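The basis for the numbers below is simple: all heavy atoms, side chains too, and nothing from hydrogens, waters or symmetry mates. On a predicted model such as this, the values are computed, not experimentally measured, just so you know.
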Amino acid sequence: MAADTTLIILGASGDLTSRLLLPALGQLLTREPDRSVRLHGAGMEDWTDDHWRDTVRASFATMGGEGAFEKVAETTYSQVDITRAADLQKLLDAAEGRPALYFAVPPAVAEKACVALADVTIPEGTVLALEKPFGTDEASAHALNQQVAKLVPEDQVFRIDHFLGRSTVLNLLGVRFANRLIESVWSADDIASVTVDFPEKLGLEGRAGYYDRAGALVDMIQSHLLQVMAFVTMEPPSSLDQLDLRDATSAVLRATHVWGDDPVKSSRRARYTEGTIGDRHFTSYADEPGVDASRQTETLAEMTVEVRTARWEGVPIVLRSGKALGPDAGDPAVTVTFKPVRHLPHGFIGESEPTVMTFSLGPDTMSLGLNVNGADDPLELERVTLGADLGEGGLKAYGEVLSGILDGDAMLAVRGDAAEQCWRIVQPVIDAWRADEVPLDEYPAGTAGPASWGL
């Protein structure tokens with residue numbers, strides 16, 4: 001595959017580039033030997049081309065992609081200020097083929113760069129790849145969308161959500177839509193509740209500067225879990241084409257609201273105190289370096305929403321994510337709990353629990369909890385779990401992201417209106433928390449959350 005794209009990484013000297021983007025690119029080039037790409041790094045650091053190439057080689061090696069460097073048709077580095085139109089113009093003028101600008105920079109810097117791009121002659125076909133969060137509320141997201149719309153068409157804008165890795169999403173869609181047994185019961189008629197849960201064992205990991213202003217609600221639920229929920233609850237698209245798929249997920253998000261329109265009763269928040277996970281000791285979040293305890297930033301957030309459509313109205317959908325959580329919090333997963341059977345014939349003994357289908361989010365697995373007859377007494381019901389390994393996919397999340405960018409396939413990129421809707425959905429909860437209408441609970445690091453939550 002000829003190198004018809006120049007991937008320009010803005011913020012090339014930063015952590016995101018060396019830790020995630022370059023290793024993923026190395027893996028992509030290793031797994032797809034016919035693929036080639038031109039690569040240009042742009043950053044504030046005064047690096048030479050040789051220093052940049054050494055960084056690329058070292059990052060590729062972390063994923064076993066030592067040989068992938070030979071697939072890079074050309075790679076150079078420029079010291080630039082990406083908020084200056086003149087610097088951006090030089091980058092684009094030097095690009096061969098189709099330029100793809102990847103904004104591996106903080107959101108505020110990316111926004112300034114998009115403003116500067118208004119004064120730049122942008123080559124036809126140029127792709128803009130923007131990391132989330134996209135804006136700071138619905139109004140700012142809308143303003144940023146309007147700015148970006150002046151630069152390139154919507155199908156050339158990739159709002160990156162690495163949670164929407166191709167294998168994870170397509171595994172879920174395949175199970176849902178390719179099995180009549182499942183597809184026919186995927187609605188409020190048979191489903192009692194849905195939970196999208198993403199517990200993390202990690203703490204701040206040096207991200208206090210960003211995280212203490214965002215918190216778990218914005219960092220995870222607004223940015224990622226609502227998108228996962230949209231794939232779980234969307235109407236069947238006619239195809240997996242980017243237009244059909246993104247139409248379906250955007251329609252779901254437009255129909256999503258806080259449960260009962262009551263953000264106080266339908267949300268909970270907490271932050272971790274001192275505790276231990278394995279052999280690692282955590283100080284209280286309030287005492288972490290860079291944290292302003294007076295901000296009341298949550299490290300565990302939960303909100304319940306409802307998709308007000310004929311398929312889903314009346315089904316509570318719980319979105320939850322937190323940091324410094326222990327093994328009892330479980331693994332990241334989508335859990336679908338079905339309604340009990342209408343009638344259980346008299347004579348059966350034992351527990352008759354609802355059927356539960358669980359999709360684990362990395363590694364990708366699926367399990368189905370069922371009631372069956374006991375081995376010793378056929379009248380006694382026992383619980384069994386059927387499981388399937390759906391595999392991790394050929395590429396890590398950012399490899400799949402880069403594959404879509406290089407191929408110009410925005411199937412799993414977030415569309416502009418969907419980004420705005422995610423802010424609209426969470427804003428009532430943000431407002432209630434800022435008004436201190438919802439208590440900030442606490443939980444020791446290493447536990448499943450506050451004892452009062454019953455997790």
Side-chain angles (χ1 to χ4, degrees), residues 132 161-165 168-169 171-172 193-208 210-212 214-229 231-232 266-286 288 291 297-305 316-337 356-367 369 385 387 390 392 396-397 426 429 433 438 440-455:
K132 299 181 80 177
D161 186 348
H162 64 276
F163 268 56
L164 303 183
T168 295
V169 169
N171 280 337
L172 195 155
S193 66
V194 177
T195 300
V196 183
D197 195 5
F198 202 90
E200 296 183 89
K201 294 181 174 63
L202 298 176
L204 275 181
E205 314 305 318
R207 296 175 66 223
Y210 159 73
Y211 192 89
D212 199 42
L217 179 65
V218 168
D219 183 48
M220 292 297 297
I221 293 178
Q222 184 278 143
S223 290
H224 302 302
L225 300 194
L226 279 169
Q227 294 292 335
V228 174
M229 181 215 72
F231 280 93
V232 174
S266 299
S267 70
R268 300 191 288 192
R269 59 178 179 152
R271 67 181 177 189
Y272 66 80
T273 57
E274 185 178 9
T276 302
I277 301 178
D279 58 0
R280 183 176 177 186
H281 179 264
F282 288 77
T283 60
S284 293
Y285 177 82
E288 292 270 18
V291 167
T297 301
E298 81 287 349
T299 60
L300 174 61
E302 179 185 285
M303 68 179 293
T304 304
V305 299
I317 301 172
V318 178
L319 310 172
R320 181 171 54 237
S321 182
K323 288 189 175 296
L325 295 169
D328 290 345
D331 297 318
V334 176
T335 303
V336 179
T337 303
V356 175
M357 179 174 286
T358 303
F359 294 90
S360 294
L361 302 174
D364 294 351
T365 62
M366 183 193 78
S367 64
T385 300
L390 304 179
E392 295 186 9
K396 297 298 183 183
V426 302
V429 174
W433 291 5
V438 176
L440 180 64
D441 296 325
E442 293 185 334
Y443 61 99
T447 63
S452 61
W453 287 23
L455 297 174

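- Of the possible donor and acceptor atoms, one in the side chain of Arg269 sits under 3.5 Å from a partner among the backbone N and O of Val438.
- Here CG of Asp197 is found 9.5 Å from CG of Leu319. Values are rounded to the nearest 0.5 Å.
- At distances below 3.5 Å, not a single donor-acceptor pair connects side-chain atoms of Thr385 with backbone N or O atoms of Gly369.
- To the nearest 0.5 angstrom, Asp212 atom CG is 9.0 Å from Arg271 atom CZ.
- Of all non-hydrogen atoms in Phe231 and Leu172, the two that sit nearest each other are O-CD2, 4.2 Å.
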Exercise for review: Could you give me the CA-CA distance, side-chain angles and deciding distance for Tyr285 and Thr297, then say whether side chain to side chain contact (heavy atoms under 4.5 Å, CB included) is met?
Suggested key: CA-CA 9 Å; Tyr285 177 82; Thr297 301; 3.6 Å; yes

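- Within the 4.5 Å cutoff, side-chain heavy atoms of Pro450 are placed close to those of Leu300.
- Between the side chain of Ser321 and the backbone N or O of Phe198, at least one donor-acceptor pair lies under 3.5 Å.
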**Study point:** Worked check of side chain to side chain contact (heavy atoms under 4.5 Å, CB included) between Leu217 and Glu298
**Key:** CA-CA 8 Å; Leu217 179 65; Glu298 81 287 349; 3.4 Å; yes

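- Using a 4.5 Å heavy-atom cutoff, the side chains of Glu205 and Glu200 are not in contact.
- Of all heavy-atom pairs spanning Thr276 and Gly278, the tightest one is CG2-O, 3.2 Å.
- Contact annotation: the side chain of Thr299 approaches that of Tyr211 to within less than 4.5 Å [non-hydrogen atoms, C-beta and beyond].
- Under the 4.5 Å side-chain criterion, counting only non-hydrogen atoms from C-beta, Leu204 is in contact with Val291.
- A distance of 10.0 Å separates CG in Asn171 from OG1 in Thr365, rounded to the nearest 0.5 Å.
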Review point. How far apart are the C-alpha atoms of Arg268 and Thr304, what are their side-chain angles, what is the distance that settles it, and do they pass the side chain to side chain contact (heavy atoms under 4.5 Å, CB included) test?
Key: CA-CA 9 Å; Arg268 300 191 288 192; Thr304 304; over 6 Å; no

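- Proximity of Gln227 to Val196: side-chain heavy atoms (C-beta onward) are nowhere separated by under 4.5 Å.
- When all heavy atoms of Thr283 and Glu288 are compared, the closest pair comes out as OG1-CD, 3.7 Å.
- Distance check: Arg320 CZ to Ser267 OG gives 13.0 Å after rounding to the nearest 0.5 Å.
- The OH atom of Tyr272 sits 10.5 Å away from the CG atom of Leu325 when rounded to the nearest 0.5 Å.
- A distance of 12.0 Å separates CZ in Phe282 from OG1 in Thr273, rounded to the nearest 0.5 Å.
- What you find for Lys132 and Gln222 is that their closest heavy atoms are NZ-O, 4.1 Å.
- The shortest heavy-atom contact between Thr358 and Ala333 is CG2-CB, 3.8 Å.
- Residues Pro199 and Pro332 are in side-chain contact: their nearest non-hydrogen atoms beyond the backbone lie under 4.5 Å apart.
- Taking both residues in full, the closest heavy atoms of Trp453 and Ala270 are given as CZ2-CB, 4.0 Å, listed atom of the first, atom of the second, then distance.
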